[in-house]
Amino acid sequence: MTAAPPIGFAGPDVPLLEDVRSCIHCGFCLPSCPTYLATGSELDSPRGRLHLIGAILDGRIEANEHVLPHLDLCLQCRACETACPSNVPFGQIMEDARAAVVAGPEAPRAWSLRALALRNVVGRREVLRAALAPARLATRFGLQEKARPWIRRAFGLRAPMLEAQLDALAARPFRRSGVLARPPEARARVAMLTGCVQGELTPRMHEATLRVLARLGCEVVAPPAQVCCGALHAHAGDAETARDLARRNIEAFEAAAVDAVIVNAAGCGAAMKEYPRLFRNDPTWLARAERFAATVRDATEYVTSIEGFDRGLGPIDAVATLQDSCHLAHAQGIREAPRRILNAIPGLQVRELKTPDRCCGAAGLYSLVQPEMSRAVLEEKLNDVEATGAEVVCTSNPGCTLQLAGGIVSRGLEARAVHVLELLDESYRARR
Amino acid sequence: MGAPRTHEVARGTLPAMSTSQPTLAVLVDELTRALGKSSVLARPEELIAYEYDATIERARPDIVVFPASTDDVATVLRLARKHGVPVVPRGSGTGLAGGAVPVQGGVLCVLTRMNRILEIDVRNRTATIEPGVINLQLQEAVATHGLTYAPDPSSQRVCTIGGNVATNAGGPHTLVHGSTVNHVLGMRVVLPDGRATFLGSRVPDAPGLDLRGLFVGSEGTLGIATEIVVRLVPRAEAVRTLLAIFASIEDASNAVTRVIASGVIPVALEMLDREIIRAVQHSRDVGYPEDAGAVLLVEVEGLRETVEQQSAQVIEALRAAGALDLRIASEAAERERLWEGRKSAIGAIGALAPNFYLLDGVVPRTRLPEVMRGVEELSARYGFRCGNVFHAGDGNLHPNVMFDSMEPGATERVLALGAEILRLCIEAGGAITGEHGVGLEKRSYMEWMFGADDLEAMSRIRLAFDEAGLFNPCKVLPSGHGCASAHSAELTHHLATPGVYV
Ligand SMILES: Cc1cc2nc3c(=O)[nH]c(=O)nc-3n(C[C@H](O)[C@H](O)[C@H](O)COP(=O)(O)OP(=O)(O)OC[C@H]3O[C@@H](n4cnc5c(N)ncnc54)[C@H](O)[C@@H]3O)c2cc1C
Ligand code: SF4
Ligand code: SF4
């Protein structure tokens, strides 16, 4: 029923009408959408966003400055997909819509700039390291304490995330590649995605993951040719760069000839399992991407598939709670694995959050791009965390860990935020 | 970007009331001054997100407002009336009759921000709430006091109590507890001219005409409920949920009669046929057997001992009726899983076909087997796949006809099939809607059920509330209020629009 060509959408990634049409407008997704809960407006709901995208495709409205903010306010947390009885591929539609906007001749400057920054900084390891170097140097002299008041003044709502990132820079980055562990009589050969910012900002997650995998008898390699997974690029509408990075990773990991590719960042894992989506117009790469995607495993998923992972654990006497990272629970459908790990740790008291699978507001770059909504969503999460009395808040994604760490500091809670595997690693080591 | 251009396709096909632009501009101004900027939407791109409910009816409002109080609502109605602009109330927009779609434009009054629970009176077992409170939220809030709010539409996670009141919503547990009308004691209502009043009372059995009963189920045509007093019931001490598996719908329908004849009235008795079972399992695994012809979901509740005894009786009746297998859930998690399948059933069909037409009819329970056979034959004759899910205990059936509106002629054929199925319901002594309401879609079928005198009487009652005929116009009653031609125009519109046709 296309009445007029879409205005403001362009390029090969324009959302598919059949995807948008699969929404039956039942509204079941509304109560799980953090932005709808915050604004109470259909415009900021999954159903409303799909309807706006549909109206753009029909040529009934333009993708203009009155419409795009509502698409931009979406966290891409995909809680709506879990709630949707009609299997609407919301994540895909939203990524396509953003790509179609960025590819358009009149893309808003902020969107283009974001894509540009991601392409040239996050997508390039050397540039990223150089960009972080001065801040890293400052932490060596303990300057982050001095910088704190200034950051809070200058960055307001964005401060918690930035402070957490600055604190994280004090640790030594994880920049290893090649063979990382080779236990005798390895049960499997696996590769680790070392990622872009992750090795720089949350190196302990990698160290813990590596120790856990080695302990469970895996030979672990990190192909040096691997690159950023491209998730942030895809989310921001830079499908071209996402495809480029995906192709390079597929080549790098294929060459490593491993049984599984282990990813401890839920956002990256989801993106890599979904590489085939990027190649819907490219049959050759589509087939290759499908083969590759089948080898990708989230770290918690892989660890719990190994018989006996729950043996030899030492006690951790603490109250813990679990934040289901959105791209683990909603995008990869994994909820049990992190819980099995936590429940296996002796002495650990696990208390569930009231809404463990509601977004924490980190959402990739979101905390920096949409500081107000991000903060509102974080505050809700902190209320939930506080009510459990947890001393350890576990997640399955570096972004969530940093966001929660920042929130914990800003609210003055007595707690720490870690990846589930960091706690598992601690528990193994507590056994000695 | 260039100057905003819009393509008002949706409104173009409907006989718009067309309020003049200058009038609208003045009204927007006045509303903004009264409610604040963040409570009024008037840009075309924004209004488009309020042109729908869960049907495929589409009509763009001219203005959307989010009142925060009874006073706000009164102000909105007064200002709109002053300018002769129609008003339509809206809750969460999950309605299945097009009731919240503003077919003649005007002001759409969205009540979701009025979502406070004002009082829970544990001793008198009542709660006073604002209309935007979500059904499940109310249930959760009173659960801590050992109480529950009984009506549980499948959409309860999303729909508002205000919408439930307007549509007299039912649900699986309506079988024993009755639908919304049995659980609303009274409510504050702002009448179409902006005056506020209280219908019913805070105690049961108020004297005088039961205007409360009249308002419940009036589908947003008599005024806006802004404060609702509901009755709460104690939560059952024990609950047992059973899933019985049958070779065919007919066997399962006979089992329904047998269970009830056994003297037990389960709190819920729900049936899903093969198509629906497959749709549900395709959407998420809730443990329904995909090779079954039909399943019955039966729930009994009460005191611990009675539940034991009753479930034994139910099991016996189900076995005698030819149940192939039985699954019994007493743990909360297992029960929830069984119910999740039922509650997502309608949405799950969305993934099987580009469009589906969800029907809502009701027949006396004992006529179920033959009516079901009729539905099956009719859909086969029209060449459509049809899945059935229904509140079998009270004879409320929901055939879901799957089709593709892009296929030439399919929509007309589906509509004709729907009409035949509803006729079948009437012939069996039933009615054209069991719970979703008449709204926009079924207005023309009202003539099949009611004579001219009855309709005239209803129309006069409506005029007593809304003499200007500007309040949620074109809903429920087949003609009058200046939009007699609306229905045929809508049908043309359906041909083109994707989604579920309801
Ligand atoms: C998948 C699915 C399953 C469903 N299952 C059931 C079911 O099991 N049982 C059932 O009964 N219904 C069911 N429904 C239909 C729907 O959820 C109900 O009709 C519900 O009561 C509508 O509530 P709402 O808040 O979404 O109202 P809306 O759709 O926004 O409005 C419905 C009607 O109520 C009027 N209205 C809303 N608020 C007020 C108010 N405060 N004062 C006056 N009028 C008002 C509107 O004008 C409109 O006419 C289902 C819907 C879907 C999509
Ligand atoms: S992805 Fe998250 S924020 Fe975006 S519409 Fe879905 S639930 Fe809402
Ligand atoms: S739950 Fe799915 S089908 Fe229903 S409105 Fe949301 S996206 Fe659409």
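Naming: A, B, ... by sequence-line order, numbering from 1 per chain. If you're wondering where the values come from, they're calculated on a predicted model, not measured in any experiment.
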Query raised in the report: Is the backbone N or O of A/Q76 less than 3.5 Å from a side-chain atom of A/H330, with the two atoms forming a donor-acceptor pair by type?
Result: no
Requested in this report: Could you tell me which residues satisfy salt bridge (Lys or Arg N to Asp or Glu O under 4.0 Å) with A/D72, sequence neighbours excluded, listed by chain and number?
Outcome: A/R114
Query raised in the report: So which of A/L43, A/V88, A/V67 has the biggest tally of heavy-atom pairs under 4.5 Å with chain B?
Result: A/L43
Report summary line: Contact list (residues 345-353 of chain B to chain A, heavy-atom gap under 4.5 Å, by number) returns B/I346, B/G347, B/A348, B/G350, B/A351
Query raised in the report: Would you call B/V107 and B/D62 a side-chain contact if the rule is heavy atoms closer than 4.5 Å?
Result: no
**Report entry** Region of A/T39 in contact with chain B, defined by heavy-atom distances below 4.5 Å
**Finding:** backbone
Report summary line: Residues A/P31 and A/G27: closest non-hydrogen pair is CD-O, 3.8 Å
Report task. With a 4.5 angstrom heavy-atom cut-off, could you sort out which part of A/C29 is near chain B: side chain, backbone, both or neither? Result -> neither
Query raised in the report: Which word best sums up how the rings of B/Y52 and A/H51 line up, parallel for under 30°, tilted for 30 to 60°, or perpendicular for over 60°?
Result: tilted
Query raised in the report: B/T112 versus chain A, heavy atoms under 4.5 Å apart: side chain, backbone, both or neither?
Result: side chain
Query raised in the report: Who are the salt bridge (Lys or Arg N to Asp or Glu O under 4.0 Å) partners of A/E379, not counting sequence neighbours?
Result: A/R375, A/R411
Query raised in the report: Under the salt bridge (charged side-chain N to carboxylate O under 4.0 Å, His left out) rule, what pairs show up with a residue in residues 25-48 of chain A, not counting sequence neighbours?
Result: A/E42-A/R47, A/E42-B/R90
Query raised in the report: Is there a side-chain contact between B/N355 and B/Y357, using heavy atoms and a 4.5 Å cut-off?
Result: no
Query raised in the report: Where does B/D53 contact chain A at under 4.5 Å (heavy atoms): side chain, backbone, both or neither?
Result: backbone
